[in-house]
Structures are given as C-alpha cells and as structure tokens.
Amino acid sequence: SLLMGTALYNFDLLALGAMGRRPQVGSYLASYRCVTIFGPLLAALQNALLPRLAVACGDWPEFRRSVRRFALAIIAGLGVAAVILFVFANPVLRLLYGPDVGESAGLLRILAWVLPVQGGRAVMRQALYAMREQKTDARVNLLGSLTNVTTAGGATTNCGRAASASTPPG
C-alpha cells in the first residue's frame with residue numbers, strides 16, 4: 001500500500017511535468033507533503049489494529065463492532081486534522097515553506113480531505129487481512145491504483161493541477 005501510494009504520488013508529478021505544467025509541481029509538492037506526514041501515523045495504526053481485529057475475528061458481532069469503532073475513531077481524528085489543514089492552510093504552509101506559498105493553500109485545502117478516506121481505508125484493509133482475505137485486498141488495491149492513475153491523468157489533462165490533486169493517492 002505504501003509502495004503503491006508512493007508510485008501514484010510520483011505518477012502525479014510525472015504527469016504534471018509531461019503535460020507542460022512544471023511550474024505547478026512545486027506547489028503540489030508543498031501541499032502534498034503536509035498530507036504525507038500522516039503516513040507513518042497510519043502505518044502505526046495499521047500495525048496496532050491487525051492483532052486486535054484478528055483476535056475478534058471469530059466472533060463476528062464483536063468483529064463488526066471493533067471495525068466500526070476503530071474506523072469511526074480514526075476517520076473522526078483524521079477529519080479533525082483535515083479541518084485544521086483546510087482552515088489554516090495558509091499559515092501552515094507559511095510556517096513550513098516561508099511567505100511565498102503562492103497557490104499551494106488551495107491545493108492543500110483539497111488534499112486535506114484525502115486524510116479521512118485514507119484512515120477508513122486503513123481500517124478496512126486490516127479488517128480484510130484479519131479475515132484472511134489478502135487476495136481481495138490486493139485486487140482492490142490494484143483496481144484502485146489503476147482508477148487513480150486514469151482519473152489523475154484525465155483530470156490533469158482536462159482541468160489542471162487542482163483536479164489532479166483531488167484524486168486521492170494510493
């Protein structure tokens with residue numbers, strides 16, 4: 001998953017460059033890094049969730065409650081982070097990159113909403129692993145990656161970097 005996310009992130013950069021939008025790569029990188037900082041947190045959460053879900057796996061009502069409880073907590077937490085990044089996009093970018101952030105704040109406002117989606121996906125992925133459905137998860141990841149590449153390519157071609165930024169990575 002992290003590998004696919006990195007590949008998709010790099011694909012977005014290559015797509016922007018190939019379509020003659022090289023000046024916009026800097027704004028995209030500055031905005032995207034504010035979101036990727038949550039990657040290690042999501043990885044740690046996934047590592048902590050799998051054993052807990054695997055224990056509850058035999059008791060389906062408890063398993064469903066656990067998945068629902070963890071998903072809601074993580075989505076809510078990352079939703080709060082998304083709201084903070086959305087509201088304070090300019091100050092966050094100025095703090096990290098200085099006063100000349102250009103149009104990066106608009107991109108960060110779009111990219112911030114990927115966080116709750118990634119949180120929910122992280123919980124669901126661990127639920128699939130706990131149920132021994134790794135093959136299903138691999139197929140879902142592959143189809144999701146192909147869809148994201150297609151959507152990002154089409155959005156960048158037709159609508160520019162803001163549309164490309166709205167396609168969630170990996």
Side-chain angles (χ1 to χ4, degrees), residues 1-17 19-49 52 65-127 140-141 144-145 147-170:
S1 164
L2 292 175
L3 180 63
M4 285 185 184
T6 302
L8 238 103
Y9 167 62
N10 289 327
F11 173 79
D12 285 351
L13 296 178
L14 292 173
L16 284 170
M19 294 176 195
R21 301 178 189 270
R22 288 189 191 278
Q24 297 169 346
V25 169
S27 295
Y28 183 77
L29 279 172
S31 301
Y32 195 75
R33 284 193 179 135
C34 293
V35 174
T36 58
I37 197 163
F38 291 92
L41 173 67
L42 283 171
L45 286 170
Q46 286 181 4
N47 289 336
L49 279 178
R52 291 176 182 238
R65 277 192 301 274
S66 295
V67 169
R68 191 176 301 119
R69 185 176 60 244
F70 290 132
L72 289 175
I74 291 171
I75 290 169
L78 290 173
V80 169
V83 168
I84 290 169
L85 286 174
F86 183 84
V87 172
F88 298 107
N90 275 325
V92 166
L93 289 168
R94 276 193 216 114
L95 175 70
L96 295 173
Y97 301 107
D100 189 26
V101 293
E103 299 174 13
S104 298
L107 289 171
L108 179 54
R109 286 186 180 103
I110 294 168
L111 286 169
W113 296 109
V114 170
L115 288 173
V117 174
Q118 287 180 335
R121 187 187 68 182
V123 173
M124 296 306 145
R125 176 178 295 120
Q126 296 312 306
V140 168
N141 274 331
S145 295
T147 302
N148 282 342
V149 167
T150 305
T151 305
T156 304
T157 302
N158 297 323
C159 303
R161 66 189 162 91
S164 177
S166 67
T167 58

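For reference, positions follow the sequence shown, starting with 1.
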**Q.** Non-neighbouring partners of Phe88 that pass ring-ring contact (aromatic ring centres under 6.0 Å, His included), sequence neighbours left out
**A.** none

Q: Could you tell me whether the side chain of Ser31 and the main chain of Ser104 form a donor-acceptor pair under 3.5 Å?
A: yes

Q | Polar side-chain atom of Arg94 near backbone of Pro99 as donor-acceptor pair, under 3.5 Å | A | no

What's the spacing between [X] [atom1] and [Y] [atom2] if we round to 0.5 Å?
X     : Y     : atom1 : atom2 : value
Leu45 : Ile74 : CG    : CD1   : 4.5 Å
Leu42 : Ile37 : CG    : CD1   : 12.0 Å
Leu95 : Asn90 : CG    : CG    : 12.5 Å
Leu85 : Leu93 : CG    : CG    : 8.5 Å

Q: Only counting residues at least two apart or in another chain, list the ones meeting salt bridge (Lys or Arg N to Asp or Glu O under 4.0 Å) with Arg65.
A: Glu62

With a 4.5 Å cut-off on side-chain heavy atoms, are [Y] and [X] touching?
X      : Y      : value
Leu111 : Cys34  : no
Ile75  : Val123 : no
Leu78  : Val117 : no
Met124 : Val67  : yes
Arg52  : Phe70  : yes

Q.
Could you report the tightest heavy-atom contact between Arg33 and Tyr97, atom names first, then the distance?
A. CB-OH, 3.5 Å

**Q.** Least distance between heavy atoms, Ala82 atom then Pro116 atom
**A.** CB-CD, 4.1 Å

Q: Go through the steps for Trp113 and Val83 under the test side chain to side chain contact (heavy atoms under 4.5 Å, CB included), then give the verdict.
A: CA-CA 8 Å; Trp113 296 109; Val83 168; 3.6 Å; yes

Q.
For Arg69, is the CZ atom crowded, meaning more than 12 foreign heavy atoms sit under 6.0 Å from it?
A. yes

